[in-house]
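All of these numbers come straight from a predicted model, not from anything done at the bench. Both counts, for ligands and for their atoms, begin at 1 and track the order of listing.
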Amino acid sequence: MRTPLRLAVVPRALILSVAMVALLAACSTTPVRSKLPQLSEAKSAMLAGTCEELTPKLSVLPNTKITSVKSVAAGEIKIGGNAVAEHCLVVGSMYDRTGEPEATPYAIGFEMRLPKNWNGRFWYQGNGGIDGSVQPALGNLGGGPVTNALLQGFAVISSDAGHDNRKTRGPGFGLDPQARLDYGYQAVGKLTPMAKELIRIAYGKGPDRSYIGGCSNGGRHALVAAARYPEMYDGFLVGSPGFNLPKAAVANIFGAQQYKKVATDPKDLSTAFTKQERQAVVNAVLAKCDALDGATDGMIQDTDACEAKFNFMRDVPTCTGERNGTCLSEAQKKAIAPIFSGASTSDGKPFYASFPVDAGLAGPGVANWEFVASLNLDSGAVGLIFGVPPQNPKGFDGPNFTLTGNIDAMLASIYAKNAIFKESAMEFMTPPNATDMSRVKAMGGKILVYHGVSDPIFSVNDTEAWYNGTQAANGGDASDFARFFRVPGMDHCRDGAATDQFDVISSLVQWVEQGQAPDWIMARARGAGNPGGRNEDLPANWSADRTRPLCPYPGVATYKGSGSIEDASSFVCK
Ligand SMILES: [Ca+2]
């Protein structure tokens, strides 16, 4: 396993902990925090025999159908120029059945990739969106190839979470109550014991350490698993989590209805808030907030100070004449401000988090989520997968549902249940008692969360509120088992004006297995020449491989006052 680069940044937490030790030594009555269990390090092993020899042994797996087992040679797959080592690819399904509507075939489809030379660890790859297809079990996370579980030697599983979008026409699976529950949480609960047993058969021992991680809906899967299945995993990697996904989807529909009020072309919501205009907002917020962290570098590290200082209505230039891309009209401001301040019901009650105004707002990812996904994805999710009762999928018109639907009714539908749909969407999609992670903590498990500040679909402020609640549930400090890293400028899971490439998997493994809590995480921009693909949103005046420390909340990467602003070593977490 690669070791993350360490820099000569003096972690503030270390200084504090030294001071605290001195204080504790001087004052014997100070309560000493009980020590959490330290889990042992995973030990590597070799696959027992060939992939072909594995096939007959897997027939013992209950409720499981193995479709194929084949060998993948070293280098057959390359990730960011790195050759993936030799491994077995196992493809199969669990709980094959028929369901709604009209005897649709269902199963929990999966693939597992088992490295010949295994690091002793299991990785459950949570996938994005509404699931529904088995993404390759490579364990990719974040921008670029830095974080990749398969490259690092994990045995990795990936699944469709219980439905095949080709057979259900995407969100049509929402008509099947069991398919909703599998998508929400039960697929993880069913696949995990099977996967561990399959690993035991393949290597002669089960995984020493198990991890679950993903971004977006995959981050949701990880946080839901931490709440529902804490005993199944040792580490939870929670990227840009949609852990309040049904509410976030209604909030994005709320946003589309706001944009519709000022769109000059009713068929194209992006005419409500063009790229030039979004850049004008970015310029305005940078003018107020960029220097708050000590470096005028196009990044707003001090999100909280910026939110206190920047006022959308006041600080964005108001057009005195026609819209010309450098300003927003009064009507635009009135329509768009409530999207940032937080979606609300018809009587003004907020139902989802606010969004920070941040430097990554001008990117195309933002436009896609706000102006396109709201019509084509959130509509189907709310109307067919989350709402009780679901809409009729025959003739369901997503854009019309989004642009003309009643927000209050949509919100009520994601909390509703009936005799057929016995759990509401807010029950099956979200972590129960989300801020109670006591079982993870007690077992020595660790939760590492990251979230882009410019994420337009799941708000970093929602994740911040969850983390603050988790802190409060642990006497004001949960940092001994749960840490939260904001990624300034990053769009949803990657891209944006951001350093969006970071090896959070290694950070989590070191924390779980070595007890080394991440006081900061190295993050790198993906400029020209990056093997993982260039981030097109990077400002032209940034170095192609700018680095920054990601800081544990509420820490802020702060410029030391000297040294290159392109280099993480010039910053310290404060
Ligand atoms: Ca700055």
Side-chain angles (χ1 to χ4, degrees), residues 7-12 142-143 240 278-312 314-317 340 354-363 365-366 450-456 459-461 463-464 484-492 494-502 519-527 535-574:
L7 283 183
V9 177
V10 179
R12 186 161 174 266
S240 311
R278 285 181 283 124
Q279 187 61 50
V281 173
V282 168
N283 294 344
V285 75
L286 283 172
K288 277 273 174 184
C289 299
D290 190 348
L292 293 174
D293 51 34
T296 303
D297 56 356
M299 303 177 89
I300 299 166
Q301 302 283 352
D302 200 339
T303 306
D304 298 328
C306 185
E307 286 199 270
K309 188 170 185 192
F310 183 76
N311 182 299
F312 185 87
R314 182 194 65 204
D315 295 329
V316 174
F340 287 105
S354 62
F355 287 83
V357 179
D358 189 45
L361 186 62
V366 171
Y450 67 88
H451 204 139
V453 178
S454 287
D455 189 330
S459 174
V460 70
N461 288 350
T463 300
E464 179 182 328
F484 164 43
F485 296 81
R486 290 181 288 193
V487 188
M490 189 170 82
D491 192 347
H492 186 53
R494 56 182 298 163
D495 302 328
T499 52
D500 70 343
Q501 189 176 216
F502 33 79
D519 289 325
W520 63 280
I521 294 170
M522 172 67 101
R524 195 175 290 272
R526 290 182 293 116
N535 173 5
E536 302 290 339
D537 300 343
L538 286 186
N541 60 353
W542 288 23
S543 153
D545 54 359
R546 171 180 283 193
T547 53
R548 283 292 180 277
L550 303 181
C551 299
Y553 176 86
V556 171
T558 306
Y559 186 52
K560 287 173 166 178
S562 62
S564 166
I565 63 160
E566 301 301 334
D567 199 317
S569 65
S570 306
F571 293 79
V572 61
C573 290
K574 279 191 180 170

Cut-off 3.5 Å, no hydrogens considered: what does the side-chain donor-acceptor table look like for residues 548-557, sequence neighbours left out?
{"from": "R548", "atom 1": "NH1", "to": "I565", "atom 2": "O", "distance (Å)": "2.8"}
{"from": "R548", "atom 1": "NH2", "to": "D297", "atom 2": "OD2", "distance (Å)": "2.8"}
{"from": "R548", "atom 1": "NH2", "to": "I565", "atom 2": "O", "distance (Å)": "2.6"}
{"from": "Y553", "atom 1": "OH", "to": "E464", "atom 2": "OE2", "distance (Å)": "3.0"}
{"from": "Y553", "atom 1": "OH", "to": "N468", "atom 2": "OD1", "distance (Å)": "3.2"}
{"from": "Y553", "atom 1": "OH", "to": "N468", "atom 2": "ND2", "distance (Å)": "3.2"}

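The distance from the OG1 atom of T499 to the CZ atom of R546 is 8.5 Å, given to the nearest 0.5 Å.
In terms of the ring-ring contact (aromatic ring centres under 6.0 Å, His included) criterion, H451 has no residue partners (sequence neighbours excluded). Looking at residues two or more places apart in sequence or on another chain, you find no side chain to side chain donor-acceptor pair (under 3.5 Å) involving S240.
For a distance threshold of 3.0 Å, the protein N, O or S atoms nearer than that to the Ca ion (ligand 1), listed by chain and number, are D290 O, D290 OD1, D293 OD1, D293 OD2, A295 O, D297 OD1, M299 O.
Taking the charged nitrogens against the carboxylate oxygens, D304 and R486 do have a contact shorter than 4.0 Å, which makes a salt bridge.
Screening D495, D358, D537 for a side-chain hydrogen bond (donor to acceptor under 3.5 Å, both in side chains) with S454, the sole residue that qualifies is D358.
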